[in-house]
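Read the structure below first, then the notes.
The first residue of the sequence shown is numbered 1, and numbering continues consecutively from there.
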Amino acid sequence: MMDQRWRPTVNEREFIEHALQSDLRVDGRRPFDFRKLKIAFGREDGSAEVELGETRVMGYVTAQLVQPYKDRPNEGTLAIFTEFSPMADPAFEPGRPGEAAIELRRVIDRGLRESRAVDMESLCVVAGKHVWSVRVDLHILDNGGNLIDAANITALAALCTFRRPECTVGGDDGQQVTVHDPEVRDPLPLAIHHLPIAVTFAYFGDGNIMVLDPTYKEEAVMGGRMTATINSNGDVCSIQKAGGEGVMSSVIMQCLRIASVKAADITSKIKTNVDEYTTAKALQKVKRTPVLVAKKNDVPDVTMESNDGALESQTSKTPNDAQDISKDPPAIPNVKRHEDAKSRLSESNPEVESTSNSGIAGESDEAKESVSPKSLKDAVKPKHKRKKKQHGKS
């Protein structure tokens, strides 16, 4: 299928093979180097998009309650479906899947199901009647080579972030299933024991030259391909070799050792990205209590005045009272109180009268016009005292 899209010329084929003999590749990588891997997640749980070099694959996971198989009444099901769009590669035809699509689906399905990576028994709700059927849809967005590895990483990332609805069993017969809404009860993640990572090798020449993660140009020139599915512990889950040149057992063992190291690195990257996604989703669900700011009319302002470092007074005033206090007091009431005090002093001591009069002279004109000191004194003093005072002055 790849030859239909791009057929290398004789010079291009020889150039790629001679470069590989010198441990060089067309894109500048070493023979056992992966291309740059990017993992992104969608807004909903169970969706992921992986970009491996120029290869892009999107995956989406769904689940529904179905009746289990008769030979496995207490186990759920896991199915892989692939879609090859002409947008990804002109050689892909819409409609019925071709050989490449069938091979891709079988390799990923074998690596996940045969290795028992997902706990199928945890998907059972009522034995023999209701189990969860998990479906993984993989869409090829761009074919830049090595679709198997990119699709496998996409499926694992989507399964790690998928959450199935929680359900309870009740009723009179104890077999009535109630599926709860995600807003009522938090969905549950899948029980995944390990992550089987697919690592693909391409062989050139007589099988003595091998490279990791081939591009679409290298796939058009290669003589054979082998895919090893290994987890981070070094356990071989599956091996797929679809035709091509024969490979010696020593070369296969070397490939498995290299694949074990690469699988541990990819597993670490997947877990790191999944943890970041889970943390971000958890922070979004946190209900933050809004800060209650009291209004000025409801909570009085507390003012404190100090003099020489000592606290003199502490008063609590409302905003209306504070506005009244800040204004200057009227002059007329102060003059009245001042004149009353002077009148009492003048009765007991005549000399105070002269000092009070001099103090009154410094008052404002407005205060003098409002209240006259002479009229006030004359109104307070008896007549006989006024006559004595006049004779004394004369």
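Annotation: the span from Thr154 atom OG1 to Asp137 atom CG amounts to 12.5 Å, rounded to 0.5 Å. In this structure, the separation between OG1 on Thr227 and CD1 on Ile108 is 9.5 Å, given to the nearest 0.5 Å. With rounding to the nearest 0.5 angstrom, the OG atom of Ser47 is 7.5 Å from the CG atom of Asp45.
Defined by atom type and a distance below 3.5 Å, a donor-acceptor pair is present between the side-chain atoms of His180 and Thr168. A side-chain donor from one of Asn146 and Asp149 sits under 3.5 Å from a side-chain acceptor of the other.
Here Glu75 pairs with Arg116 in a salt bridge; the nearest charged N to carboxylate O distance falls below 4.0 Å.
Val57 and Phe162 fall within a single hydrophobic cluster, where Ile, Leu, Val, Met, Phe, Trp and Tyr side chains are chained together by heavy-atom contacts under 4.5 Å. By the criterion of side-chain heavy atoms lying less than 4.5 angstrom apart, applied directly or through intervening Ile, Leu, Val, Met, Phe, Trp or Tyr residues, Val261 is not grouped with Leu156; the two fall into different hydrophobic clusters. No single ILVMFWY cluster, assembled from side-chain heavy atoms under 4.5 Å apart, contains both Tyr60 and Leu138.
By the 30° and 60° cut-offs, the orientation of the rings of Phe41 relative to Tyr277 is tilted.
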request  = Please step through side-chain contact (heavy atoms from CB on, under 4.5 Å) for the pair His139 and Phe84, ending with a clear verdict.
outcome  = CA-CA 6 Å; His139 302 270; Phe84 283 57; over 6 Å; no
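Cation-pi geometry between Arg225 and Tyr203 is not satisfied (NZ or CZ under 6.0 Å from the ring centre, within 45° of the ring normal).
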